[in-house]
Amino acid sequence: MTYSVAVSGASGYAGGEILRILASHPDVDIRTVTAHSNAGQPLIQHQPHLRSLSHLTLQETTPEILAGHDIVFLALPHGQSGQYTDALGAAPLVIDAGADHRLESQDAWDAFYGGAFHEPWTYGVPELPVGDGKQRERLAGATRIAAPGCNASTVSLSLAPGVAAGVIDPSDIVTVLAVGPSGAGKSLKTNLLASEILGTANPYAVGGTHRHIPEIRQALAHARAAGASSENSATAGGSGSDAPTKRGFSDAAGDDGIRISFTPVLVPMARGILATSTAPIAPGGTDADIRGAWEAAYGDETFVQLLPEGHFPRTADVVGANTALMGLAIDRAANRVTVVTAVDNLVKGTAGAAVQSMNIALGLPEGTGLTVNGVAP
């Protein structure tokens, strides 16, 4: 079966990356591309690298134009998807690459985004530990999918195995991310001009203000539930395994007990995220327990790979790939675990995650149209 596809926001970076991946996907037919101010112009004028799609013209983004397709991708700024998703109730599968359907808490939405709150959809990070399995089980057969925030999924994937296994204390997470400007979208902004970012590194959204913080906390809370579920199963007489022993952590910080100091730094590379995340080692955890938690979580994964001990990734290794490469260090002197993760923010961080989730939802092989190979040099 070939699925008909419409992609909104097709003149932007996220929309363009979705189209690049789908252009070589054997099971889809890209029939419609839409935009706002660029409507009526050839797609190739705004995405000149997509030569195989040069026959397409950008249409207006309206519910009527998006309707009638098997799959609709929305690659729009936060706060703009909801007006379309409300009107696309008959669409078999809708995937939102914006933020509108990611958060489960309206309070978190109000605090970090504002505007109308929309119902949460199935979160599009298949490898995340949740409940008694992985998020991919929830994606199977889903009809509404929220693709992740690129920074959020990178940090969540980095730390979720340790939280689920109870080998790190999530009440004192510190993460610093070097990020490329493409994550901010394609619209003209003075702080993203080449003359402003070349030769410098610029922190932004410092001091707990970045909008991806509640998304990370939400994902790690689900990962912690995975650990609790495993503990309860074992206590009830479930079969044993080689997974590391689960340990608890202090909830002295209040509410969910997950505390994140999150500092992104804009650096002069078009694509990429290098996230360095640390958290205290939970009492009693051995080095074998700690590394074993990440090995158990990702040892069988194609698109999230733990590097050998002592090795750490570069952003250059994942450009164009749907791969998160991860290095782990155990710092006993500081009593902390450090995880360094590299992703291409436009692929594994956004479009690749969306297509991977689409494949799972439709029952297609999960890696269809996706690659683990980067582009070098």
Side-chain angles (χ1 to χ4, degrees), residues 125-130 134-135 148 150-179 216 219-220 222-224 226-227 230 241-249 258-264 272-318 321-345 348-349 372 374:
V125 184
E127 299 89 353
L128 273 176
V130 294
K134 294 280 187 74
Q135 183 67 12
C150 53
N151 296 313
S153 61
T154 304
V155 175
S156 299
L157 286 167
S158 297
L159 297 175
V163 173
V167 297
I168 62 173
D169 177 355
S171 70
D172 183 19
I173 292 169
V174 178
T175 184
V176 179
L177 304 89
V179 301
I216 299 168
L220 294 183
H222 285 299
R224 184 173 60 185
S230 298
S241 73
D242 294 328
T245 303
K246 310 291 189 294
R247 291 179 176 82
F249 55 86
I258 298 172
R259 291 290 180 272
I260 302 169
S261 173
F262 180 100
T263 306
I273 296 172
L274 188 72
T276 302
S277 305
T278 79
I281 299 169
T286 68
D287 288 10
D289 287 338
I290 294 166
R291 188 167 183 86
W294 274 262
E295 290 174 342
Y298 299 138
D300 295 329
E301 294 291 349
T302 299
F303 295 117
V304 180
Q305 299 182 15
L306 179 67
L307 299 179
E309 189 171 354
H311 292 257
F312 298 91
R314 311 174 304 165
T315 55
D317 300 329
V318 295
N322 190 52
T323 313
L325 295 182
M326 194 174 296
L328 184 146
I330 301 168
D331 185 349
R332 284 292 173 180
N335 194 46
R336 298 183 76 90
V337 173
T338 298
V339 182
V340 181
T341 302
V343 304
D344 184 325
N345 58 294
K348 185 57 176 169
V372 296

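The analysis underlying the following values was restricted to heavy atoms, covering all of them including side chains, and did not include hydrogens, waters or symmetry mates.
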Participant: For residues 150-167, pull every pair meeting salt bridge (Lys or Arg N to Asp or Glu O under 4.0 Å), keeping only residues two or more places apart or in separate chains.
Facilitator: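 Sorted result for residues 150-167: empty, none.
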Participant: Where do L128 and A160 come nearest, in terms of heavy atoms and distance?
Facilitator: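 Looking at all heavy atoms of both residues, the closest pair is CD2-CB, 3.8 Å.
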Participant: Looking only at non-hydrogen atoms, find the nearest pair between A329 and F312 and report the distance.
Facilitator: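 Where A329 meets F312 most closely, the heavy atoms are CB-CZ, 3.8 Å.
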Participant: How long is the gap from OG1 on T154 to CE on M326, to the nearest 0.5 Å?
Facilitator: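 Here the interatomic distance stands at 8.5 Å.
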Participant: Distance check, rounded to the nearest 0.5 Å: R314 atom CZ versus L274 atom CG?
Facilitator: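 Interatomic distance, R314 CZ to L274 CG, rounded to 0.5 Å: 11.0 Å.
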Participant: Please examine the side chains of V163 and I258, heavy atoms only from C-beta on, and report whether any two atoms are closer than 4.5 Å.
Facilitator: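 Of all side-chain heavy-atom pairs linking V163 with I258, none is under 4.5 Å.
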Participant: For D287, give me all partners under salt bridge (Lys or Arg N to Asp or Glu O under 4.0 Å), at least two apart in sequence or on another chain.
Facilitator: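 By the salt bridge (Lys or Arg N to Asp or Glu O under 4.0 Å) rule, D287 matches R332.
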Participant: Going by side chain to side chain donor-acceptor pair (under 3.5 Å), name the residues that satisfy it together with T341, two or more places apart in sequence or in a different chain.
Facilitator: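 T341: side chain to side chain donor-acceptor pair (under 3.5 Å) contacts with S158.
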Participant: How many angstroms lie between atom CG of L177 and atom OG of S277, to the nearest 0.5 angstrom?
Facilitator: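 Between L177 CG and S277 OG, I get 6.0 Å after rounding to 0.5 Å.
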Participant: Give me the atom names and distance for the closest heavy-atom approach of Q135 to V125.
Facilitator: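 Shortest heavy-atom separation between Q135 and V125 comes out as CB-O, 3.1 Å.
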Participant: With a 4.5 Å limit on heavy-atom distance, are the side chains of P280 and R336 in contact?
Facilitator: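 Yes. Closest side-chain heavy atoms under 4.5 Å.
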Participant: For E301, enumerate each residue passing the salt bridge (Lys or Arg N to Asp or Glu O under 4.0 Å) test, keeping only those at least two apart in sequence or located in another chain.
Facilitator: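 By the salt bridge (Lys or Arg N to Asp or Glu O under 4.0 Å) rule, E301 matches K134, R136.
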Participant: Got a sec, which residues hit side chain to side chain donor-acceptor pair (under 3.5 Å) with E127, two or more places apart in sequence or on another chain?
Facilitator: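 For E127 the side chain to side chain donor-acceptor pair (under 3.5 Å) partners, ignoring immediate neighbours, are K348, Q356.
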Participant: For the backbone of G272 and the side chain of N345, can you confirm whether one donor and one acceptor N or O come within less than 3.5 Å of each other?
Facilitator: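 Yes, N345 side chain to G272 backbone: donor-acceptor pair under 3.5 Å.
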Participant: Can I get a per-line list of side-chain donor-acceptor pairs under 3.5 Å for residues 303-311, giving both atom names and the distance, sequence neighbours left out?
Facilitator:
unit_1	atom_1	unit_2	atom_2	d
Q305	NE2	T302	O	2.9

Participant: Go through the steps for L159 and I168 under the test side chain to side chain contact (heavy atoms under 4.5 Å, CB included), then give the verdict.
Facilitator: CA-CA 8 Å; L159 297 175; I168 62 173; 4.2 Å; yes
Participant: Mind checking the CD1-CG spacing from I290 to L328? Nearest 0.5 Å is all I need.
Facilitator: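 Between I290 CD1 and L328 CG, I get 8.0 Å after rounding to 0.5 Å.
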Participant: For I216 versus A152, what's the shortest heavy-atom pair and its separation?
Facilitator: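 Taking every non-hydrogen atom into account, CG1-CA, 3.6 Å.
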Participant: What heavy-atom pair brings I281 and D331 nearest, and what distance separates the two atoms?
Facilitator: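 Shortest heavy-atom contact: CD1-O, 4.5 Å.
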Participant: Hey, does I173 have a side-chain heavy atom less than 4.5 Å from the side chain of F262?
Facilitator: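 Side chain of F262 against side chain of I173, heavy atoms only: no contact under 4.5 Å found.
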Participant: I want to check something: taking the side chain as every heavy atom from C-beta on, are V318 and P313 in contact at a cut-off of under 4.5 Å?
Facilitator: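 Sidechains of P313 and V318: no contact.
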